[in-house]
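Quick notes on the structure that follows.
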There are 2 protein chains.
Amino acid sequence: MRLVIAECQVDYAGRLTAHLPMAKRLILVKADGSVSIHADDRAYKPLNWMSPPCSVTERPAEGAETEAGLTEVWEVRGRDGDTLQISLAAIHHDSSHELGIDPGLVKDGVEAHLQALLAEHPETLGDGWSLVRREYPTAIGPVDLLCRDPAGAYVAVEVKRRGEIDGVEQLTRYLDLLRRDPLLGDVQGVFAAQQIKPQARVLALDRGIACVTVDYDALRGMDRSEDRLF
Amino acid sequence: MRLVIAECQVDYAGRLTAHLPMAKRLILVKADGSVSIHADDRAYKPLNWMSPPCSVTERPAEGAETEAGLTEVWEVRGRDGDTLQISLAAIHHDSSHELGIDPGLVKDGVEAHLQALLAEHPETLGDGWSLVRREYPTAIGPVDLLCRDPAGAYVAVEVKRRGEIDGVEQLTRYLDLLRRDPLLGDVQGVFAAQQIKPQARVLALDRGIACVTVDYDALRGMDRSEDRLF
DNA sequence: GTTTTCATCTCGAAC
DNA sequence: GTTCGAGGTGAAAAC
């Protein structure tokens, strides 16, 4: 990985045409050839970038470029003929570092994991509830969980990390379908999430859907096999 | 902006829980307090990050941490109680740089601009064509351009930077509507883009929609008022 | 302030 | 290979 702090001007031509006026910025050149240009704010998104696969060619400034104060011109070529031209004026820092291949991110707490934990502990959703099956199939896709309450009535459960309106809409569509199945009889709905936004809760309750806020850490504590971190 | 190359382990807890095993990475701390951790590949997305507003606190490693080989522990706190803990073992590089406020990106060639240029030069789309109006309203949204050919027939034009299938579908819906309007009579369709993907072209032609590849630079050259770069 | 839409979205999985 | 949908989406515009 090469880190360069330099006065630079950048011109991108590809899906759109964009221009960065001359200013001091960070230029990152990674081992896969990819390039990104960062300002001194915003963690996530670079000002400009070129995703791999791409190639970088560097050349000294010539003629009018030199007169304009430039010292080097880098040209990055990507797929589809996208180009990123980086015109450097003054280089304040330039260092390279061997990093090796990253072992990669381990994600936990994704919706699938939450669903698995709830499937193992359906009593969290309601006393005496039992799991019928995960990913119960319908014509428009699988319902996250189908459970039964102690009276034998079916309950469709939609699981989200953060409960918003679209999740309620999704569950509503499933319920419409499930309720047409005479084998299931009346089906209740439960919207389960770690956090439920106020307007999602209002919409759910208006439609007779119960809301359950899930304590993820407590669920994890119930199941030792889930202790995969550390 | 502070650049740190270090052996580090990272733990994020917020919208999800994620863990990065110990490895050599780049840690970027920007002037707005935001933090991002990069591996040696991929230009766009960091492995982990904390968006501003957030605060970083640094402390020396203690007790068991020291025995585990750690030297420093950084804790980044964001909104909603999100936390990013960066445990550093060996620091290979650490430098800070004053960058100042970036003048910002100037975007050109966006769809709106392409549409404006074509509106000024409808003859680019077909000999003798004239513009009826931009953003011609329909019940499902405005059509980019409505033109007339020399024979007086109407032509609906959909403008995209890169022509893909969804653009053809969009134009098809507009044409369906426009053709029901007896005042317009038969309406032809034109799909105009800087680049048209083969499968989009096939679909368009199959539906009797003409495809026009637009030379953006040539269009810009026609209009001096558009010389906003440099 | 909240909500919706856009993005050079990126990225992975399903088909 | 293409298509679809999620993302710790982020960020800007609209309301």
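Proteins get letters first, then strands, A, B, ... in listed order; numbering begins at 1 in each. Hydrogens, waters and symmetry mates play no part in the numbers below; they use all other heavy atoms, side chains included. All of these numbers come straight from a predicted model, not from anything done at the bench.
- The CG-P distance, from B:D82 to D:dT9, rounds to 10 Å in whole Å.
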How does protein reach along nucleotides 10-15 of chain C, written 5' to 3' as B (base within reach of a heavy atom under 4.0 Å), S (only sugar-phosphate), or - (no contact)?
SSS---
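- The separation between A:D11 atom CG and C:dT8 atom C1' is 14 Å, rounded to whole Å.
- Between the CD1 atom of A:I27 and the CD1 atom of A:I37 there is a distance of 6.0 Å, given to the nearest 0.5 Å.
- Evaluation of the side-chain hydrogen bond (donor to acceptor under 3.5 Å, both in side chains) test over residues 37-48 of chain A, restricted to residues two or more places apart or in two chains, returns A:H38-B:K30.
- Interatomic distance, B:L203 CG to B:F191 CZ, rounded to the nearest 0.5 Å: 9.0 Å.
- Note that SG of A:C147 and CD of A:Q188 are 12.5 Å apart. Values are rounded to the nearest 0.5 Å.
- Within the 4.0 angstrom heavy-atom criterion, no nucleotide atom of any strand lies near A:M50.
- For the pair B:D80 CG and D:dG10 P, the computed distance is 11 Å after rounding to whole Å.
- C:dT5 and D:dG8 are spaced 22 Å apart, taking the P atom of each and rounding to whole Å.
- Here the rule is side chain to side chain contact (heavy atoms under 4.5 Å, CB included) with A:L145, and of A:E158, A:R133, A:Q115 only A:Q115 fits it.
- Residues B:V214 and B:V159 are not in side-chain contact: their nearest non-hydrogen atoms beyond the backbone lie 4.5 Å or more apart.
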Atom pairs under 3.5 Å: protein N/O with N/O of nucleotides 3-6 of chain D:
from, atom 1, to, atom 2, distance (Å)
D:dT3, OP1, B:Q199, OE1, 3.0
D:dT3, OP1, B:Q199, NE2, 2.6
D:dT3, OP2, B:Q199, NE2, 2.6

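- In this structure, A:R79 atom CZ and D:dT2 atom C1' are separated by 12 Å, rounded to whole Å.
- Between the C1' atoms of C:dT10 and C:dC6, the separation comes to 14 Å (whole Å).
- Between A:R2 and A:E58 there is a salt bridge, since a side-chain N of the basic residue sits under 4.0 Å from a carboxylate O of the acidic one.
- As rounded to the nearest Å, C:dC11 and D:dA11 have P atoms that lie 16 Å from one another.
- Across the protein-nucleic acid pair, B:Y12 atom OH and D:dG7 atom P stand 12 Å apart, rounded to whole Å.
- Side-chain atoms of A:H92 and A:E7 form a donor-acceptor pair, as typed in the model, at a separation below 3.5 Å.
- Here B:L146 contributes atom CG and B:E135 contributes atom CD; the two are 12.0 Å apart, rounded to the nearest 0.5 Å.
- Here A:N48 lies in heavy-atom contact (under 4.0 Å) with a base.
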